[in-house]
There are 2 protein chains.
Amino acid sequence: MTDPLISPPAAERHRSADLPPLPVTVDTVIFTVLGEELRVLLVRRAESRFLGLWSLPGGFVRPEEALEAAALRELRDATGVTDVYLEQLYTFGDPDRDTRGRVISVAYVALLAADRCPLVPHELEAEAQWFSVYELPALAFDHPRMIQSGLERVRTKLEYTTIGLQLLPATFTLGELQRLYEIILDRRLDKRNFRRKLKLLELVEETGQKRSDGRGRPAALYRFRRIDFVQLRERGIHVPF
Amino acid sequence: MTDPLISPPAAERHRSADLPPLPVTVDTVIFTVLGEELRVLLVRRAESRFLGLWSLPGGFVRPEEALEAAALRELRDATGVTDVYLEQLYTFGDPDRDTRGRVISVAYVALLAADRCPLVPHELEAEAQWFSVYELPALAFDHPRMIQSGLERVRTKLEYTTIGLQLLPATFTLGELQRLYEIILDRRLDKRNFRRKLKLLELVEETGQKRSDGRGRPAALYRFRRIDFVQLRERGIHVPF
DNA sequence: ATTCATTTGTGTCCCCGAGACACCAAACGT
DNA sequence: ACGTTTGGTGTCTCGGGGACACAAATGAAT
């Protein structure tokens with residue numbers, strides 16, 4: 001048996017009573033593609049510090065609450081958003097990142113399809129808005145960094161996973177899917193190469209229906225075929241076409 | 001101005017005084033390649049709970065300490081390891097992940113070249129050891145999951161970054177470099193393809209010296225040429241040769 | 001000194017995915 | 001019927017990825 005007397009400091013180090021615990025928050029960078037723009041949902045701060053500034057939806061983690069559950073709860077309470085794709089991004093913990101004092105923040109990225117966006121929910125129009133990622137207002141704390149990280153994460157994973165499909169309704173046209181990619185990646189893609197890759201990957205299948213959007217030839221409607229992400233990587237996928 | 005009386009709960013939610021802060025720890029999965037095996041450094045727990053079990057080096061974050069600084073400090077104190085490559089992995093926060101109560105743990109991955117490994121440092125032989133990742137002892141908490149995540153991270157990044165070079169001394173032979181990749185990825189690679197890719201990427205350069213390891217033809221010694229990670233990705237790199 | 005074992009070092013061929021590129025089809029409005 | 005708009009399709013070329021075999025340089029053993 002190890003004798004605890006050998007190194008008392010080591011034995012003490014792990015006693016939570018000895019060190020003050022820290023405030024822990026979650027913050028969520030939630031994206032959607034709306035009106036031909038990649039947007040992020042921001043809320044107006046009601047707290048005295050930074051009052052009136054915009055910030056990411058988030059808040060303190062409760063004592064018996066999982067981190068992801070906290071992120072979902074804050075998202076629901078502040079914006080009405082539920083049932084989103086959610087993925088942990090990074091934990092920010094620099095001692096001076098929050099002017100209120102030392103706060104650890106676990107950041108999440110979320111994706112929400114445009115047809116499920118609360119545009120003006122619970123009459124909070126003035127308290128929550130979707131901003132273009134290229135035209136952000138003044139933000140509290142280190143939230144600009146979080147948004148930047150979230151954007152990089154989404155762009156990266158767009159290339160080798162199917163998260164992009166989280167941002168579309170259940171059925172969609174190939175034109176819409178391509179526009180989604182172009183808006184997020186901020187560059188134009190070749191239509192034929194894009195479709196060739198889709199066929200190769202067998203990511204989507206026709207529903208048999210068509211949709212006409214006013215002018216132009218009607219487009220075939222597709223739906224997502226659930227595919228294992230791992231299979232994608234193993235097939236050596238590189239999705240930005 | 002927003003009237004704070006409209007939604008007192010929202011206004012209160014962000015006051016750290018209202019919610020008990022949480023204990024926050026850092027834990028580090030530190031890898032090396034030693035004796036033809038991928039190994040992880042574990043320490044024997046001195047604390048009463050889980051006494052005698054092995055665990056990842058880690059401990060509580062101090063009130064004014066950055067997360068990464070905490071990870072480095074715990075690593076140094078528990079194992080004597082300094083100056084390592086360190087990268088944040090994931091934050092584990094399930095309410096029941098630590099039997100001592102609710103503890104948030106920010107996990108890090110570290111890489112240490114074999115020639116800098118403390119083998120039997122500070123006479124703590126019995127308190128810290130390098131274990132093969134395929135033959136782990138019983139571990140405290142959710143540390144097996146952390147090691148698994150760390151392993152996946154290292155394998156993934158081996159493919160599109162140069163972190164592998166963190167695990168070798170300043171000069172090395174191409175055989176050593178290839179063996180490193182084979183051990184981490186746990187599969188054999190083709191020598192000619194491996195070298196062709198290295199030349200293509202201009203990752204390493206000859207030092208002009210040679211080394212003879214006892215038997216066999218002497219191998220040329222190489223050194224790492226610092227290269228921007230981003231450039232690698234842009235050049236469409238896929239390193240496992 | 002010769003032989004053997006061991007490790008280093010090198011080039012070619014084939015396949016497949018990636019990117020560049022242009023035209024016809026189907027609907028709508030006038 | 002004509003113009004406008006959007007949807008839908010095939011080919012060629014280039015380059016990286018994987019499979020593959022043999023000679024060269026050394027040390028050890030005899």
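What you see below is based on every heavy atom in this structure, not just the backbone, and it leaves out hydrogens, waters and symmetry mates. Within every chain, numbering begins at 1; the chains are lettered A, B, ... in the order of the sequence lines, protein sequences first and strands thereafter.
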Going by the rule side-chain hydrogen bond (donor to acceptor under 3.5 Å, both in side chains), which residues pair with A:Glu68 if we only count those two or more places apart in sequence or in a different chain? none
B:Lys199 has an atom NZ; how far is it from atom C1' of C:dT10, in whole Å? 8 Å
B:Arg192 (side chain) and D:dA19 (base): donor-acceptor pair under 3.5 Å: no
Has the side chain of B:Arg217 got a donor or acceptor atom sitting under 3.5 Å from an opposite partner on the base of D:dA23? no
If I take atom CD in residue A:Glu202 and atom P in nucleotide C:dG17, what distance separates them, rounded to the nearest angstrom? 12 Å
From CZ of A:Arg195 over to C1' of C:dC24, roughly how many Å is that when rounded to an integer? 14 Å
What pairs with B:Ser149 under side-chain contact (heavy atoms from CB on, under 4.5 Å), at least two apart in sequence or on another chain? B:Leu89, B:Phe92
Sequence neighbours left out, cut at 3.5 Å: what donor-acceptor pairs do the side chains of residues 131-139 of chain A make with other protein atoms?
{"from": "A:Ser132", "atom 1": "OG", "to": "A:Tyr134", "atom 2": "N", "distance (Å)": "3.0"}
{"from": "A:Tyr134", "atom 1": "OH", "to": "A:Arg155", "atom 2": "NH2", "distance (Å)": "3.0"}

Is there a side-chain polar atom (N or O) of A:Lys197 under 4.0 Å from OP1 or OP2 of C:dG17? no
Quick one: B:Leu221 CG to C:dT8 C1', roughly how many Å, whole number? 12 Å
Heavy-atom donor-acceptor pair, A:Arg196 side-chain to C:dG19 base, under 3.5 Å: yes
What does A:Arg179 touch in the nucleic acid at a heavy-atom separation under 4.0 angstrom: a base, only the sugar-phosphate, or nothing? sugar-phosphate
State which residues pass side-chain hydrogen bond (donor to acceptor under 3.5 Å, both in side chains) with A:Arg217; sequence neighbours excluded, sorted by chain then number. none
Toward the 5' end of DNA chain C, by each residue's nearest nucleotide, B:Thr173 or A:Lys191: B:Thr173
In whole angstrom, what separates B:Phe172's CZ from C:dT7's P? 20 Å
Grab the N/O contacts between the protein and nucleotides 27-29 of chain D below 3.5 Å, and write none if there aren't any.
{"from": "D:dG27", "atom 1": "O4'", "to": "B:Gly214", "atom 2": "O", "distance (Å)": "3.4"}

Surrounding CZ of A:Arg215 (heavy atoms of other residues, nucleotides or ligands, distance under 6.0 Å), is the total greater than 12? no
Whole angstrom value for the distance that separates P of D:dG16 from CZ of B:Phe194: 18 Å
Between A:Leu174 (CG) and C:dA26 (C1'), how many Å, whole number? 16 Å
Choosing from D:dA19, D:dA25, C:dA20, which nucleotide comes nearest the side chain of B:Asn193? D:dA19
How long is the straight-line distance from CG of A:Leu112 back to CG of A:Leu167, given to the nearest 0.5 Å? 8.0 Å
Could you tell me the separation between the CZ atom of B:Arg211 and the C1' atom of C:dG9, rounded to a whole number of Å? 16 Å
Contacts of type side-chain contact (heavy atoms from CB on, under 4.5 Å), residue A:Glu152, not counting sequence neighbours: A:Gln148
